[in-house]
K.L.:
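Quick one: this structure, given as structure tokens, is what I'll be asking you about.
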Amino acid sequence: MGIDKDREISGKSPNGSEERGERGLDFVRQIVVEDMQSGRWGGRVATRFPPEPNGYLHIGHAKSICLNYGIAAEFGGQFNLRFDDTNPEKEEQEYVDSIIEDVRWLGADWDDRLFYASDYFQQMYEWAVELIRKGKAYVCDLTGDQVREYRGTLTQPGRESPYRNRTIDENLELFARMCQGEFPDGAKTLRAKIDMAHPNLNMRDPIMYRILHETHHRQGDQWCIYPMYDWAHGFEDSLEGITHSICTLEFENHRPLYDWFIDAVNEGRTDDGSGPWGKKIHHPQQIEFARLSLAYTVMSKRKLLKLVKEGFVRGWDDPRMPTISGLRRRGYSPAAMWSFAKLIGVNKFNSTVDITLLEHCLREDLNQTSPRVMAVLRPLKVIIDNYPQGQVEELDAVNNPEDPAAGTRKVPFSRELYLEQEDFMENPPKKFFRLAPGREVRLRYAYFITCTDVIKDAQGNVVELHCLYDPATRGGDAPDGRKVKATLHWLSAPHARPAEVRLYDNLFTKPDPEDVPEGQEFTANLNPNSLEVLADCYVEPSVAEVAPLTRYQFERLGYFCVDPDSTADKLVFNRTVTLKDTWAKIQQSQQQG
RNA sequence: UGGGGAAUAGUGUAAUGGUAGCACAAAUGACUCUGGAUCAUUUAGUCAAGGUUCGAAUCCUUGUUCCCCAGCCA
């Protein structure tokens with residue numbers, strides 16, 4: 001899976017100043033280094049990636065996975081994969097399966113530590129009872145609307161619930177009955193008794209449990225009360241011995257609660273377990289970092305779900321989606337994702353990353369690893385008039401100039417060829433080096449050819465070219481040393497295999513899809529041209545039978561990847577990313593004047 | 001207008017009291033059997049104003065801007 005390489009890419013300090021240790025490290029790793037030096041966790045590092053299985057993972061999650069797994073790998077620690085499945089209303093097995101596949105594909109290794117928060121429900125229940133006994137939690141009968149009303153506002157303190165001072169025995173009994181299913185959804189909650197005037201709204205008697213008569217994807221109907229995130233999450237980390245609980249910035253306001261709940265359980269507990277409440281439980285440190293934003297796409301699960309549900313894309317793994325499965329289908333490699341994660345770093349402020357950074361990481365990896373092959377996307381038939389009818393030659397082509405070990409292959413050449421339509425212009429502008437009437441170019445690995453005649457249809461479209469080849473230039477070199485300005489890719493028409501090629505562009509037309517007129521939604525910025533299907537393409541015969549997700553570079557065009565829609569009869573490719581295209585830039589500036 | 005965070009070239013990110021550096025992007029040139037790749041050069045930055053200091057992106061003060069929080073979601 002190339003994990004060693006991935007690790008190498010992701011590891012160590014960004015500046016290569018490894019001898020300095022903490023210099024140049026992101027702030028999370030600096031904390032880890034300090035903890036290692038101080039022995040805070042006994043030299044132990046344990047991280048986790050805790051997705052809720054209510055959607056597919058996206059590249060923002062990849063950033064988190066690379067951070068968490070990267071830290072564990074670099075410091076000799078452990079990395080857990082844990083499903084935070086505390087809300088049966090939104091969670092599904094399909095999402096669990098896709099998440100496992102995606103994390104594994106990225107190369108993060110959780111060994112045998114695949115956990116589910118729902119497996120901790122019994123322990124959490126017992127701790128909740130303990131909090132009631134300690135007078136720190138109570139059963140509340142307020143309705144949802146009332147809870148909101150009593151909570152107060154950002155600037156005004158809340159009011160205490162009239163149920164706040166129930167006796168411990170009454171609370172114990174009611175909570176047990178909640179758990180036994182005696183009350184309908186929403187009738188009662190268990191709340192922490194903290195401070196209704198707290199300036200942090202999260203501390204105004206937060207709800208620990210709600211009643212939900214819902215079948216859980218894993219626990220079935222065993223429970224009808226479900227823990228809230230704030231109550232559950234710290235304990236999940238605690239039970240797994242997590243040292244650094246890394247999450248995104250919006251949970252910063254929740255950290256006081258994370259700490260409060262663990263402290264509340266630990267109150268009265270001792271290090272050696274003596275005393276009525278037993279032994280103290282582990283108290284991890286929560287650290288928050290900024291989530292990733294990418295230009296020209298959206299990253300929230302809600303919006304991605306909308307794109308899928310309303311058919312704006314073909315599914316979670318549509319190659320235009322920023323999901324891990326979408327990027328994989330598009331042709332991204334784990335190595336590219338890792339180097340991207342390293343490049344963007346980790347910080348505490350929101351930033352929007354330019355897609356050119358992502359594409360740079362992609363090209364950097366694909367250039368090293370992708371076998372080259374010739375393909376023609378928009379074919380233009382070319383007849384070599386002086387090439388013997390019926391003759392076929394097998395010419396040597398290099399598989400990967402960046403990797404001599406990749407070897408060579410044979411490419412058939414014949415009298416009838418396909419060239420790329422855009423490689424010919426009848427009236428070439430300045431700086432157009434490719435084929436034009438009377439002009440000589442090289443066909444890669446083959447011959448020099450000169451264009452002698454242009455055939456057009458009734459509408460004046462160029463439909464066929466006639467050329468002469470120079471037999472002395474076989475292989476692509478002229479014995480007399482004459483030069484040509486261009487080298488073109490080509491295919492022997494009788495040998496070429498038909499293929500469908502899907503070209504992709506940004507899903508949205510604006511860097512910030514949220515930038516919409518008053519009253520409109522982000523979908524108003526969807527790019528109508530994000531997908532272009534070319535049905536009549538051709539590829540080299542050497543790419544006859546290939547597995548889905550196999551990557552190639554189509555010479556001079558870009559990186560392409562076999563789509564799972566591909567069959568033996570019909571090859572289908574996705575364009576992962578184009579090659580850098582100097583001519584396109586020149587053309588653009590020429591058009592702009 | 002309560003509380004919690006954060007501001008470094010167009011973008012991302014280093015510098016942790018001592019020459020503001022790197023990558024991407026952009027521009028120019030070299031080389032090239034991919035107008036690819038590679039190499040070289042250039043443009044461009046500390047939110048603002050004060051203060052401390054021999055010396056401030058870094059420390060202090062004041063201000064500005066941005067993000068998060070009023071789900072029985074996570």
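Both backbone and side-chain heavy atoms feed into the values below; hydrogens, waters and symmetry mates do not.
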K.L.:
Checking all strands, does A:Y209 fall into the base, sugar-phosphate, or nothing category for heavy-atom contacts under 4.0 angstrom?
P.N.:
nothing

K.L.:
Side-chain N or O of A:R148 versus OP1/OP2 of B:G71: is the shortest distance under 4.0 Å?
P.N.:
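Checking B:G71 against A:R148, a side-chain N or O does come within under 4.0 Å of OP1 or OP2.
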
K.L.:
Looking for any heavy atom pair under 4.0 Å, which part of the strands does A:L249 touch: base, sugar-phosphate only, or nothing?
P.N.:
nothing

K.L.:
Tell me: CG of A:D512 to P of B:C67, nearest whole Å?
P.N.:
11 Å

K.L.:
Can you check whether A:R210 has a side-chain N or O nearer than 4.0 Å to OP1 or OP2 of B:A74?
P.N.:
yes

K.L.:
Regarding A:D195 and A:R204, does a basic nitrogen lie under 4.0 Å from an acidic carboxylate oxygen?
P.N.:
no

K.L.:
Using a 4.0 Å heavy-atom cut-off, does A:E402 contact any base of the nucleic acid, only the sugar-phosphate backbone, or nothing at all?
P.N.:
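Base contact - A:E402 has a heavy atom under 4.0 Å of at least one base atom.
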
K.L.:
Figure out the CD1/P separation between A:I194 and B:C69, and round it to whole Å.
P.N.:
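From A:I194 CD1 to B:C69 P: 19 Å.
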
K.L.:
Which part of the nucleic acid, if any, lies within reach of A:Y226 when heavy atoms closer than 4.0 Å are counted: base, sugar-phosphate only, or nothing?
P.N.:
nothing

K.L.:
To the nearest Å, give me how far apart NZ (A:K301) and P (B:G71) are.
P.N.:
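So the two atoms are 20 Å apart, to the nearest Å.
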
K.L.:
Taking any heavy-atom pair under 4.0 Å as a contact, classify A:P256: base, sugar-phosphate, or nothing.
P.N.:
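Contact class for A:P256: none.
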
K.L.:
Looking only at side-chain N and O atoms, does A:K348 come under 4.0 Å of OP1 or OP2 in B:A7?
P.N.:
no

K.L.:
So, A:H217 and A:E92: side-chain donor and acceptor under 3.5 Å apart, yes or no?
P.N.:
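No - no donor-acceptor pair under 3.5 Å links their side chains.
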
K.L.:
Of the nucleotides B:A14, B:G71, B:G35, which one has an atom closest to the side chain of A:D26?
P.N.:
B:A14

K.L.:
Any N or O donor-acceptor pair under 3.5 Å from the base of B:C68 to the side chain of A:N253?
P.N.:
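Such a pair is found, so the answer is yes.
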
K.L.:
Ring stacking, A:F349 with base of B:G5, under 5.5 Å and under 30°?
P.N.:
no

K.L.:
Does OP1 or OP2 of B:G71 have a side-chain N or O of A:N87 closer than 4.0 Å?
P.N.:
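The answer is no; no side-chain N or O of A:N87 sits under 4.0 Å from OP1 or OP2.
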
K.L.:
Checking all strands, does A:E555 fall into the base, sugar-phosphate, or nothing category for heavy-atom contacts under 4.0 angstrom?
P.N.:
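Base: the residue A:E555, judged by heavy atoms under 4.0 Å, touches a nucleobase.
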
K.L.:
Does RNA chain B take part in any stems of at least 3 consecutive Watson-Crick or G-U pairs (both distances under 3.5 Å), and if so, which ones?
P.N.:
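Stems (3+ consecutive pairs) listed as B:2-7 with B:64-69, B:10-13 with B:21-24, B:26-30 with B:38-42, B:47-51 with B:59-63.
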
K.L.:
Do any side-chain nitrogens or oxygens of A:N347 fall under 4.0 Å of OP1 or OP2 in B:U13?
P.N.:
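It does, given that an N or O in the side chain of A:N347 lies less than 4.0 Å from OP1 or OP2 of B:U13.
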
K.L.:
Determine the contact category for A:K585: base if any of its heavy atoms lies under 4.0 Å from a base atom, sugar-phosphate if only primed atoms, P, OP1 or OP2 are that close, otherwise nothing.
P.N.:
sugar-phosphate

K.L.:
With P as the reference atom in both, quote the distance from B:A49 to B:C39 in angstrom, rounded to an integer.
P.N.:
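That atom pair is separated by 40 Å.
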
K.L.:
Would you tell me whether A:D145 and A:T143 have side-chain atoms, one donor and one acceptor, within less than 3.5 Å of each other?
P.N.:
no

K.L.:
How are the rings of A:Y538 and A:Y418 set to each other: parallel, tilted or perpendicular (split at 30° and 60°)?
P.N.:
parallel

K.L.:
Can you find a side chain N or O atom of A:T582 that sits less than 4.0 Å from OP1 or OP2 on B:G36?
P.N.:
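So the side chain of A:T582 is within the cut-off, an N or O lying under 4.0 Å from OP1 or OP2 of B:G36.
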
K.L.:
Please test A:S161 against A:D205 for side chain to side chain contact (heavy atoms under 4.5 Å, CB included), starting from the C-alpha separation and ending with a verdict.
P.N.:
CA-CA 9 Å; A:S161 163; A:D205 287 12; 5.6 Å; no

K.L.:
Could you state the CG-P distance from A:N350 to B:U13, rounded to the nearest angstrom?
P.N.:
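After rounding, the gap between these two atoms is 10 Å.
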
K.L.:
Checking understanding here: a glycosidic angle within 90° of 0 is syn, the rest anti, so what is B:G36?
P.N.:
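For B:G36, whose glycosidic angle is more than 90° from 0, the conformation is anti.
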
K.L.:
Does A:R434 get its side chain close enough to the base of B:G35, under 3.5 Å, for a donor-acceptor pair?
P.N.:
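Under the 3.5 Å cut-off, the side chain and the base do form a donor-acceptor pair.
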
K.L.:
What is the separation between atom OH on A:Y296 and atom C1' on B:G10, rounded to the nearest whole Å?
P.N.:
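Atom-to-atom, A:Y296 to B:G10, this comes out as 12 Å.
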
K.L.:
Centre-to-centre under 6.0 Å for A:F573 and A:F554, is that the case here?
P.N.:
yes

K.L.:
Below the 4.0 Å mark, does B:C72 have OP1 or OP2 next to a side-chain nitrogen or oxygen of A:R151?
P.N.:
yes

K.L.:
Below 4.0 angstrom from OP1 or OP2 of B:U13, is there any side-chain N or O of A:S351?
P.N.:
yes

K.L.:
Distance check needed: B:G2 C1' versus A:R204 CZ, whole Å only.
P.N.:
8 Å

K.L.:
Under 4.0 angstrom, heavy atoms only, what part of the nucleic acid is A:T356 near: base, sugar-phosphate, or nothing?
P.N.:
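A:T356: backbone/sugar contact only, no base atoms under 4.0 Å.
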
K.L.:
How many whole angstroms separate atom CG of A:L435 from atom P of B:G35?
P.N.:
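That distance rounds to 13 Å.
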
K.L.:
So what does A:L142 touch, heavy atoms closer than 4.0 Å: a base, only the sugar-phosphate, or nothing?
P.N.:
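Base contact.
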
K.L.:
Could you work out the separation of B:U58 and B:A6 based on their C1' atoms and round it to a whole Å?
P.N.:
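My reading of the C1' atoms in B:U58 and B:A6 gives 16 Å.
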
K.L.:
When only distance counts, do a donor and an acceptor, one from the side chain of A:Q587 and one from the base of B:G35, lie under 3.5 Å apart?
P.N.:
no

K.L.:
Below 30° counts as parallel, above 60° as perpendicular, anything between as tilted: where do the rings of A:Y125 and A:W223 land?
P.N.:
tilted

K.L.:
Look at the side chain of A:L579 and decide which nucleotide, out of B:G36, B:G2, B:G5, has an atom nearest to it.
P.N.:
B:G36

K.L.:
Students often get this wrong, so: under 4.0 angstrom with heavy atoms, is A:T143 touching a base, only sugar-phosphate, or nothing?
P.N.:
base

K.L.:
Base, sugar-phosphate or nothing for A:H254? Non-hydrogen atoms, less than 4.0 Å.
P.N.:
base

K.L.:
Identify whether NZ of Lys or CZ of Arg in A:R166 sits under 6.0 Å from the centre of the six-membered ring of A:Y138 and within 45° of that ring's axis.
P.N.:
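The answer is no, since A:R166 fails at least one limit relative to A:Y138.
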
K.L.:
Heavy atoms only, 4.0 Å cut-off, all strands: where does A:R363 land among base, sugar-phosphate and nothing?
P.N.:
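No contact.
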
K.L.:
With a cut-off of less than 4.0 Å, is there a side-chain N or O of A:K431 near OP1 or OP2 of B:G35?
P.N.:
no

K.L.:
Is A:L343 touching bases, backbone alone, or none of the nucleic acid, heavy atoms closer than 4.0 Å?
P.N.:
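Sugar-phosphate contact only.
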
K.L.:
Quick one: A:R255 CZ to B:C68 P, roughly how many Å, whole number?
P.N.:
18 Å

